[in-house]
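Reminder, nothing fancy here: chain letters follow the sequence lines and each chain counts from 1.
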Amino acid sequence: MQIPPKYNHIDTEKKWYSFWMKNKLFKSVPNEKEPFTIVIPPPNVTGLLHMGHMLNNTIQDILVRRARMMGKNACWVPGTDHASIATEAKVVENLKKRGINKSDITRDEFLEHAWDWTEKYGGGILEQLKKLGCSCDWDRTKFTLDDDMYESVIQAFEALHEKGLVYRGYRMINWDPEAKTTVSDEEVNHIEEDSSLYYLKYFIENSEVELQIATTRPETIFGDTALCVNPKDERYKDIIGKQAIVPICGRKIPIIADSYVDLEFGTGCLKVTPAHDINDYNLGIKHNLETIDIFDENAILNNNGLHYEGKDRFQVRKEIEIELDSKNLLVKKENYIHNVGRSERTNAVVEPRLSKQWFLKMDDITKPAIKNVLENENIKFFPGKFKSTYKYWLENIKDWNISRQLSWGHQIPVFYYGNNENYIVAKNKKEALTKINNKSKVQYKEDDLSQDDDVLDTWFSSWLWPISVFDGIRNPNNDEINYYYPTQDLVTGPDIIFFWVARMIISGYEFRDEKPFSNVYFTGIVRDKLRRKMSKQLGNSPDAIKLIEEYGADSVRVGLMLSSAAGNDLLFDESLCQQGKNFTNKIWNALRLVNGWEVDEEKSQPVVNKLGIDWYSNKFNNSLELINKNFENYRISDVLMSSYRLVWDDFCSWLLEILKPNFGEKIDKKSKTELIILFEKNLKILHPFMPFLTEEIYHNLPNTNNSSPLTISNWPEIEDYDQKSVNEFEITKEVISQIRNYRKEKNISFKTSLDLYYLPDKNSPGNIEIIKKIASINKLEESSKENFEMVNSFIIKNYEFFIPLEGGFDKDAEIMKLKKELDYNEGFLKSVENKLKNENFVKNAPAAIVNIEKQKILDTRSKIKSIQKSISELS
RNA sequence: GGGCGCUUAGCUCAGUUGGUUUAGAGCACCUCGUUUACACCGAGGGGGUCGGGGGUUCGAAUCCCUCAGCGCCCACCA
């Protein structure tokens with residue numbers, strides 16, 4: 001069969017992906033086989049594939065494809081996330097461009113727009129995953145707002161409410177004034193920023209005394225309801241209990257004492273604004289202070305802000321500085337670096353705000369999540385270092401604010417009636433009405449009920465993902481959930497360990513009393529060569545699809561996996577894809593080479609071929625053992641590296657060269673058949689990494705009839721192998737290497753055959769036929785140096801080889817070479833001797849170690865002896 | 001402020017409970033090469049006092065202390 005000289009990745013990828021799909025090779029249904037399940041971390045429905053997704057999904061595909069070949073019922077569940085805040089922000093922005101304000105339209109109208117948007121841009125990312133070769137069971141594709149998924153979320157809320165774990169609380173929360181919603185603590189990033197510390201003057205009622213207060217937020221003085229000092233502070237002893245006057249407002253506020261105040265910081269005197277700072281809020285509760293809210297939902301000052309009403313907080317900060325200064329109420333302003341909380345989604349400065357929100361009690365339901373990861377390792381983390389991060393978070397967990405003031409998401413199933421303080425949790429209005437009227441004397445009508453406007457935090461749906469994709473919330477006993485749950489592996493980034501991983505573990509035990517997965521593989525973050533995070537703003541993120549088109553999916557996959565150990569950041573550079581492409585090219589050409597070898601049916605197998613094939617079989621099994629072990633430990637880049645070296649170095653550079661027929665000759669049938677089997681095995685271990693190329697080659701191998709796809713073939717079994725044969729071949733390689741060096745030194749062409757002899761030894765060096773062929777040696781046998789006039793010798797392990805010299809011989813250079821060798825060995829001998837001279841070593845070290853050292857001495861001594869002999873013969 | 005982790009060849013990293021290695025890999029680099037699979041290649045080669053210092057030990061890249069540098073996570077000092 002003709003093999004094209006160049007591998008065409010574009011056509012091949014298209015061909016095989018549609019073949020796999022048509023034959024439903026990724027489809028999984030419960031059966032008698034052992035399940036291997038991964039649920040995808042659902043990407044944002046309107047998102048686009050970026051390098052992080054590529055890495056993450058390549059790893060998942062590798063795990064899934066290998067499991068499938070291991071004979072498991074592999075099931076990779078794909079899907080997308082509605083990503084409430086991110087998607088809503090995009091829709092709002094888009095509507096704005098069209099002149100529509102969200103506040104001017106009804107909730108239903110907005111949702112209609114949002115669905116339009118989702119249908120227009122949604123799901124594209126899943127098509128991109130297909131280009132990467134991902135072997136998901138696409139029939140199972142889920143979206144977090146699908147009807148069944150929606151119902152599961154609502155039902156979970158109901159169940160938790162029933163247990164008394166969900167409650168409504170008036171609390172200080174993180175307010176994102178841009179998105180106009182609360183965000184959870186996890187969605188706030190604290191970033192160090194340059195700002196100013198303002199020293200303000202407060203007067204005390206009926207007194208000449210003025211107090212100085214340091215604050216970073218002078219605009220919040222309108223919300224001040226106390227000043228606070230430390231009771232131990234001698235400076236302020238006399239003023240505790242007096243009234244201070246808020247600058248500009250002229251309001252009187254009490255001066256209180258609390259040990260919370262740091263004597264050292266600022267002036268030791270603190271202004272207390274309970275409505276806009278969590279610490280102040282706590283102080284307010286403790287000291288029964290008034291709470292004055294000065295902002296609206298946009299963080300614009302309300303009428304408590306007097307003449308600043310209607311102005312933005314940062315604008316007011318600038319203006320009030322000027323006013324205070326002009327009134328001589330600003331003492332000084334210092335540069336100050338402090339942490340500012342910013343919303344992860346909008347980057348707006350988060351405003352602490354008091355409001356009524358829904359919370360989930362966390363302290364009890366987290367207990368199994370702690371136990372099963374940290375104590376009994378029912379769930380394993382790779383790398384394990386993330387356990388400590390996980391532990392700290394769980395042990396210091398606060399109640400989870402699960403309500404969001406958004407429309408795009410699962411609307412909170414709470415229905416208010418009567419005075420709006422009464423509410424009932426129900427799946428829908430109808431059910432709510434029935435429930436209410438059953439327990440109330442007053443009979444309500446549907447119009448008397450209003451559903452909570454808020455939606456649930458996106459993570460409140462994703463934390464159910466491994467259960468809800470198998471419908472295990474609504475039907476806890478269905479065949480699917482019973483078969484597929486718990487899943488095996490989860491592959492995700494450490495940045496969502498709290499958002500998602502920990503919460504899935506919590507919900508797993510809460511709703512099914514069982515872990516959601518057994519192993520968590522944390523990928524690193526994809527960065528550029530300069531270690532910068534890849535981002536749109538920096539423009540340092542390559543176009544994922546373009547990379548696939550240019551290099552081929554397999555090459556990109558290999559490139560990504562070449563340097564990404566679990567948990568380690570991946571410094572991505574396009575040259576990695578080039579390396580991947582070089583590898584695909586290498587394998588392709590191996591196919592072309594083997595394909596070109598004609599078979600001689602009559603010829604019996606030459607010894608050299610048998611030696612080569614036996615060695616490679618041993619070597620393959622030796623590597624496979626390592627590969628399997630590394631897979632078990634999720635050391636996937638190590639797996640790739642050993643496969644890469646096995647195929648490139650051992651298979652292509654050695655075995656194929658050994659078997660390559662001489663000019664004009666044919667290969668014997670046995671060798672070719674055995675070679676093809678070995679080639680196939682190589683393809684199998686490479687398949688999880690390079691699914692397209694390997695599938696293509698598998699069907700093009702000569703003398704085979706591979707009608708069944710490689711994708712569903714069996715992972716090779718480890719056969720018994722001879723480690724000695726593997727070790728011995730290393731000596732063979734060295735001998736050949738030395739001869740090559742010799743040729744190079746002497747400028748002897750490969751075409752000129754040489755004779756090679758070796759000194760008698762109790763063992764003869766193996767693989768003589770291989771050395772003869774690969775190094776172009778005419779005669780290779782035992783002999784003694786006396787038989788020749790001059791020789792060039794080299795020593796490998798315990799063998800000394802020599803090549804008789806005919807003319808032109810640089811004696812000095814030869815002596816130099818030997819002396820160098822001698823020096824090394826003498827140094828080595830000395831270090832070993834010193835070790836053995838040390839009585840304590842001999843006394844304390846294990847006998848096995850001592851014996852090894854002793855053997856080293858014997859070996860090295862005999863080596864030194866023969867080198868010395870060679871030198872003296874030359875001199 | 002608290003916690004975790006890192007520092008091994010030019011780059012990215014291995015080094016599996018301290019001892020079969022006076023330190024390994026891939027890439028990069030240098031030299032040579034038109035041997036009929038592949039120059040997206042082949043053959044060969046150079047390159048590290050394992051961040052500094054101290055300690056434990058017969059023996060340390062590996063364990064302990066300390067210093068320096070870097071990274072990440074958490075956190076309510078105005």
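- In this structure, A/Lys286 pairs ionically with A/Asp258, as a charged nitrogen and a carboxylate oxygen lie closer than 4.0 Å.
- B/A39 atom C1' lies 10 Å from atom CG of A/Asn585, rounded to whole Å.
- The nearest whole Å value for the distance from the CG atom in A/Asn589 to the P atom in B/U36 is 14 Å.
- Of the listed nucleotides (B/G42, B/C77, B/U16), B/G42 has the atom at the smallest distance from the side chain of A/Ser653.
- You'll find a donor-acceptor pair under 3.5 Å spanning the side chain of A/Lys586 and the base of B/C38, going by distance alone.
- Contacts of A/Lys6 with the nucleic acid, taken as non-hydrogen atoms under 4.0 Å apart, include base atoms.
- Counting only residues at least two apart or in different chains, side-chain hydrogen bond (donor to acceptor under 3.5 Å, both in side chains) contacts with residues 219-228 of chain A comprise A/Tyr202-A/Asp224, A/Arg217-A/Glu219, A/Glu219-A/Arg317, A/Thr220-A/Lys271, A/Asp224-A/Lys271, A/Asp224-A/Thr273.
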Taking protein heavy atoms under 4.0 Å as touching, what does nucleotides 20-32 of chain B look like 5' to 3' if B marks base contact, S marks sugar-phosphate-only contact and - marks none? B-B--SSS---B-
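- Closest approach to the A/Thr389 side chain among B/C73, B/C76, B/A37 is made by B/C73 (side chain taken as heavy atoms from C-beta onward).
- Here A/Arg531 lies in heavy-atom contact (under 4.0 Å) with sugar-phosphate atoms only.
- Taking atom P on both nucleotides, B/C27 is separated from B/G69 by 36 Å, rounded to a whole Å.
- A donor N or O paired with an acceptor N or O is not found under 3.5 Å between the base of B/C58 and the side-chain atoms of A/Asn838.
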Reading RNA chain B 5' to 3', what string of ( ), [ ], | and . shows its pairs, if Watson-Crick and G-U wobble pairs count only when both distances fall under 3.5 Å? (((((((..((((.....[....)))).(((((.......))))).....(((((..]....))))))))))))....
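- Checked by distance alone, A/Glu657 brings no side-chain donor or acceptor within 3.5 Å of a matching partner on the base of B/A43.
- Nearest to the side chain of A/Phe841, among B/A78, B/C58, B/A37, sits B/C58.
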What verdict does the side chain to side chain donor-acceptor pair (under 3.5 Å) test give for A/Glu632 and A/Asn628, after you've listed the backbone C-alpha separation in whole Å, the side-chain angles of each residue and the deciding distance to 0.1 Å? CA-CA 6 Å; A/Glu632 304 318 318; A/Asn628 283 342; over 6 Å; no
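- Contacts of A/Arg743 with the nucleic acid, taken as non-hydrogen atoms under 4.0 Å apart, are absent.
- Annotation: salt bridge (charged side-chain N to carboxylate O under 4.0 Å, His left out) contacts of A/Lys380 (sequence neighbours excluded): none.
- Heavy atoms of A/Asn741 sit under 4.0 angstrom from primed sugar atoms or phosphate atoms, though from no base atom.
- Annotation: salt bridge (charged side-chain N to carboxylate O under 4.0 Å, His left out) contacts of A/Lys660 (sequence neighbours excluded): A/Glu657.
- Following rounding to the nearest Å, A/Asn630 (CG) and B/G15 (C1') show an atom-to-atom distance of 13 Å.
- A/Asn595 and A/Arg592 share no side-chain donor-acceptor pair at under 3.5 Å.
- Of the residues in residues 265-278 of chain A, A/Phe265, A/Gly268, A/Leu270, A/Ile278 come within less than 4.0 Å of RNA chain B through at least one heavy atom, sorted by number.
- Between the CD atom of A/Glu734 and the C1' atom of B/A43 there is a distance of 16 Å, given to the nearest Å.
- With hydrogens and angles ignored, no donor-acceptor pair under 3.5 angstrom links the side chain of A/Asn396 to the base of B/A75.
- For the C1' atoms, the distance linking B/A14 with B/A23 amounts to 11 Å, nearest Å.
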